[in-house]
Visitor: 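Below are the structure tokens for one structure; questions will follow.
Below, all heavy atoms of this structure are taken into account, side chains as well, without hydrogens, waters or symmetry copies. Letters go in sequence order (proteins before strands), and every chain restarts at 1.
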2 protein chains.
Amino acid sequence: MKKQRDKADIVSVARLAGVSAATVSRALNHPQLVHPATRKKIDLAIRKSGYIRNRAAQTIHGRRSATIGLVVPTIADVIFSELIQAFNDAVSARGFTLLLAAHGYDLANEYALVRKLLEHRVDALALIGLDHGADTYRVLREQGLPVLAVWNYDPASMISCLGVDNAEAGRIAADHLLMLGHRRIAAIFPDTGENDRARLRRAAAMAALQAASIQTPEGWRVRTPYSTAQAKRACLDLLAAADRPTALLCGNDVIAQGALYAALKLGLSVPRDLSIIGIGDFVGSAELEPALTTIRIPARRIGAAAAEHLADSVDSEAGQPLARTRFDCELIMRATTAPPPA
Amino acid sequence: MKKQRDKADIVSVARLAGVSAATVSRALNHPQLVHPATRKKIDLAIRKSGYIRNRAAQTIHGRRSATIGLVVPTIADVIFSELIQAFNDAVSARGFTLLLAAHGYDLANEYALVRKLLEHRVDALALIGLDHGADTYRVLREQGLPVLAVWNYDPASMISCLGVDNAEAGRIAADHLLMLGHRRIAAIFPDTGENDRARLRRAAAMAALQAASIQTPEGWRVRTPYSTAQAKRACLDLLAAADRPTALLCGNDVIAQGALYAALKLGLSVPRDLSIIGIGDFVGSAELEPALTTIRIPARRIGAAAAEHLADSVDSEAGQPLARTRFDCELIMRATTAPPPA
DNA sequence: AATAGTCTTGCAAATGTTTTCATGAAAATG
DNA sequence: CATTTTCATGAAAACATTTGCAAGACTATT
């Protein structure tokens, strides 16, 4: 008489409602196919028994898992947090649940995570950027589920993508500094090995400088991870030198924030003594004192659009064609940039 | 001859390897039970066919889903990001996949999300704090899966919990300001209706002030959401007044950050003219200029410990007893607090 | 009133795995 | 060499659901 694992399943609900399991299933998945009165009885039985349907069972039947995967480099930072939240909200609103994984900027690890998500039979999958292992690309191709590279726009991408042109972002940032009259410009970027976003931004920025016949000394091409703390340290060294740049072009806003703090710590006045520009326009960048000049990447819109795109692909069954969507990025001029000191 | 939905399943792998499906299953789940030679053949067949096991099928069989749910108020902010990352990493290292959901500080929404996670048959579930709807508590009790309230420690909690004593955090913050000699103290907190963390911190801080026979005027009890931007605006009003406090006790670090920016914007010198203390010690708080004095909540340790606890509960099958784990919070004295101006 | 059409429902097969039980082979023991 | 023990494997049942098919109950049409 133990009630032990007395978990209500669909047949116990059916029994309670005096109908067959099939009818309960239909009431849940295709309500228009069952008589309102029966539906009512079933609702009651569900309520009474505390039944919670088992998605695994419907997944196994070949139906969708109602799950969408998102693989990001990191969650511990503010970098992708707006994107993740927007993606999560949109996906949730469409009835899916988010399976999230973070690989810590390690593509080998990313592959493992992607496999894990596929084991759970996600209906669709979003990745950040277009730099992925060959094995990742292969397994995604084999499985043939809707996949989307988010954050980057690349007209030559192998898979659908939706985001901004990172080269453009880098170019705009460089142009802004040039236009203000800066010629002594340092570039602070993370390692660009497995990070196409940083690579494209950096390459475009450097090209723009080169085009203005500016060459930056080796010491002004700083490499630091996406971390405010480490960026601050790196910039302290850079700025303490007698011969320092008049402007800092930062790979993203968390680096820019570190740079700003370093400048403030050294008693430099921003933007009088030093201009700083970031890329991203993350939450909080507008509130910094002085407020950060940056290139806006519309993270919320990208996240929401990505979710919608994938949800549509899943709902429409039909194999969607490759789609590339480009979002504009935009210079947000705030208070950390000005012409160089005379 | 179309290969259409030719997805490899366990029997196709078995056929390819010349063994039975049962053996393939064993090779995957209990490798020690199958002969090394057969294992090799099976590995090869798996490789060759691109087989990816179907977790749904093993979930349905009553085995675990290898999934752990985490429900947080928000991801778009830095507040829980360290916790989420640590939780994710630890859960991942134990072979589980994270199902993440954010409810936006709305307990009704939280209930819906919890149900959704239960539909996916998460093996365990973590929630933030102990304020949850009655329906949430009920459904969790009924389902009887390992559940953990993270972030808060409460000796009277109805479910297992793991975190800090928020009242203590509030008290420490208040005591620190009192010890420095402040008597004109404003408190900036979010709405405490459905947020026990904020409520406990605030109540304890107010009690400490009261005990020192300090009463704060109505206008100094500011209410603002957990948002740097909104906190900054609220503090601008507060600090612009002729009669302003000498210290700001902030509900968490993102509010404190907003407060700091407001002070800087008004040309106040922190900590000479104004002291600011936060709670949380989020990423970036140490790098602010001046660096933020705050009460450290060991988010990474809490996240990792929570994940380990839940993974253990799942692995050990046996119904774990209610467990309450307390983490200490600690005053981190940095550069935003000092004695009040003479 | 007979027939055709529309709703509503139940039966049973199917989904991809895990696991219990049984069986035969190989190894260890006397 | 006979017997017991251990090991490796397969057959089949079980898991919780969805859905194609068919049949029964109504409704509308002649």
Side-chain angles (χ1 to χ4, degrees), chain A residues 4-43 45-46 49-67 116 118-123 143 317, chain B residues 4-43 45-46 49-67 95 118-123 143 317:
Chain A
Q4 42 179 23
R5 278 293 137 270
D6 219 5
K7 291 289 172 57
D9 64 356
I10 206 172
V11 328
S12 71
V13 171
R15 205 166 25 228
L16 195 59
V19 299
S20 77
T23 307
V24 177
S25 171
R26 268 187 291 257
L28 255 34
N29 298 299
H30 315 282
Q32 73 284 7
L33 291 185
V34 7
H35 194 91
T38 350
R39 215 153 54 197
K40 203 148 221 163
K41 281 191 300 180
I42 293 176
D43 274 0
I46 290 179
S49 63
Y51 169 67
I52 295 190
R53 74 214 271 191
N54 189 334
R55 293 283 186 180
Q58 71 180 34
T59 301
I60 211 191
H61 197 78
R63 256 178 96 70
R64 59 212 194 89
S65 66
T67 291
K116 215 157 64 163
L118 292 174
E119 287 185 1
H120 286 286
R121 293 297 187 268
V122 288
D123 294 324
Q143 295 307 111
E317 315 271 326
Chain B
Q4 41 179 27
R5 277 294 136 271
D6 217 6
K7 291 288 170 60
D9 65 356
I10 206 173
V11 326
S12 71
V13 171
R15 204 167 24 231
L16 195 59
V19 298
S20 79
T23 306
V24 177
S25 173
R26 267 187 294 259
L28 254 33
N29 298 297
H30 315 282
Q32 73 284 7
L33 291 185
V34 9
H35 194 91
T38 354
R39 214 153 56 197
K40 201 145 223 162
K41 280 192 301 183
I42 293 176
D43 274 1
I46 289 179
S49 64
Y51 169 67
I52 294 190
R53 74 216 267 199
N54 189 335
R55 292 282 185 183
Q58 67 180 33
T59 301
I60 209 191
H61 195 80
R63 254 178 99 69
R64 59 215 194 88
S65 66
T67 291
L118 292 174
E119 287 184 0
H120 286 286
R121 294 295 187 267
V122 288
D123 294 323
Q143 295 307 111
E317 314 270 328

Visitor: Does C:dG10 have OP1 or OP2 under 4.0 Å away from a side-chain N or O of A:Thr23?
Guide: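 Looking at the OP1 and OP2 atoms of C:dG10, one of them is under 4.0 Å from a side-chain N or O of A:Thr23.
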Visitor: Could you tell me how far apart B:Ile46 (CD1) and C:dG16 (C1') are, to the nearest whole angstrom?
Guide: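 That distance rounds to 14 Å.
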Visitor: Just by distance, do the side chain of A:Asp123 and the backbone of A:Arg64 share a donor-acceptor pair under 3.5 Å?
Guide: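 No, the answer is negative, given that no donor and acceptor are paired below the 3.5 Å cut-off.
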Visitor: Mind checking if B:Thr59 touches a base, just sugar-phosphate, or nothing, with heavy atoms under 4.0 Å?
Guide: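 It contacts nothing in the nucleic acid.
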Visitor: Once rounded to the nearest 0.5 Å, what's the spacing between atom CZ of A:Arg121 and atom CZ of B:Arg53?
Guide: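 These two atoms lie 10.5 Å from each other.
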Visitor: Take the protein atom CZ of A:Arg39 and the nucleotide atom P of C:dT8, then report the distance between them rounded to whole Å.
Guide: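 Answer to the nearest Å: 9 Å.
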Visitor: Near DNA chain C, counting only heavy atoms under 4.0 Å, which residues of residues 27-35 of chain B show up?
Guide: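 The answer is B:Asn29, B:His30.
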Visitor: Quickly work out the B:Lys41 NZ to D:dT9 C1' distance and round it to whole Å.
Guide: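 Between C1' of D:dT9 and NZ of B:Lys41: 11 Å.
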Visitor: Checking the side chain of B:Ser25 only, and the main-chain atoms of B:Ala21 only, is there a donor and an acceptor separated by less than 3.5 Å?
Guide: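 Checking the backbone N and O of B:Ala21 against the side chain of B:Ser25, no donor-acceptor pair under 3.5 Å is found.
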Visitor: Ignoring hydrogens and angles, tell me if any N or O in the side chain of B:Ser12 forms a donor-acceptor pair with the backbone of B:Ala8 under 3.5 Å.
Guide: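 No; zero donor-acceptor contacts below 3.5 Å.
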Visitor: Nearest-Å distance, CD1 (B:Ile42) to P (C:dT18)?
Guide: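 Spelled out: CD1 on B:Ile42 to P on C:dT18 is 12 Å.
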Visitor: Check every atom of D:dT17, C:dT19, C:dT8 against the side chain of A:Thr38 and return the nucleotide holding the closest atom.
Guide: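 Between D:dT17, C:dT19, C:dT8, the one nearest the side chain of A:Thr38 would be C:dT8.
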Visitor: Using modelled atom types and a 3.5 Å cut-off, is there a donor and acceptor pairing between side-chain atoms of A:Lys7 and backbone atoms of B:Gln143?
Guide: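 A pair under 3.5 Å: yes.
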Visitor: Without decimals, in angstroms, what is the distance between A:Lys40 NZ and C:dT9 P?
Guide: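 Spelled out: NZ on A:Lys40 to P on C:dT9 is 15 Å.
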Visitor: Taking atom types as they are modelled, would you say the side chain of B:Arg26 forms a donor-acceptor pair with the base of D:dG10 within the 3.5 Å cutoff?
Guide: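 Indeed, a donor on one side and an acceptor on the other fall under 3.5 Å apart.
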Visitor: Taking only the side-chain heavy atoms of A:Val19 (C-beta and beyond), determine which of C:dT15, D:dG10, C:dG10 contains the nearest atom.
Guide: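 Among C:dT15, D:dG10, C:dG10, the one nearest the side chain of A:Val19 is C:dG10.
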Visitor: Ignoring the backbone of B:Ala22, work out which of C:dT19, D:dA16, C:dG10 is nearest its side chain.
Guide: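 Of all the options, the side chain of B:Ala22 is nearest to C:dT19.
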Visitor: Give the rounded distance in Å between these two atoms: CZ of B:Arg53 and C1' of C:dT18.
Guide: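 B:Arg53 atom CZ is separated from C:dT18 atom C1' by 11 Å.
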Visitor: Please answer whether the main-chain N or O of B:Pro31 pairs with a side-chain N or O of B:Arg39 as donor and acceptor at a distance below 3.5 Å.
Guide: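 Answer holds: yes.
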Visitor: Considering just the side-chain nitrogens and oxygens of B:Ser20, establish if one lies under 4.0 Å of OP1 or OP2 belonging to D:dT9.
Guide: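 For D:dT9, neither OP1 nor OP2 has a side-chain N or O of B:Ser20 closer than 4.0 Å.
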Visitor: On DNA chain D, nearest-nucleotide positions of B:Ala21 versus A:Ser25: which is more 5'?
Guide: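 In this pair, the answer is B:Ala21.
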Visitor: Send over the distance from A:Ile10 CD1 to C:dT15 P, rounded to a whole Å.
Guide: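 Spelled out: CD1 on A:Ile10 to P on C:dT15 is 19 Å.
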Visitor: CZ of A:Arg63 versus C1' of D:dT17: gap in Å, rounded?
Guide: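 A:Arg63 atom CZ is separated from D:dT17 atom C1' by 10 Å.
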Visitor: To the nearest 0.5 angstrom, please state how far the CD1 atom of B:Ile52 sits from the CG atom of B:Asp9.
Guide: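 Going from CD1 on B:Ile52 over to CG on B:Asp9, the span is 13.0 Å.
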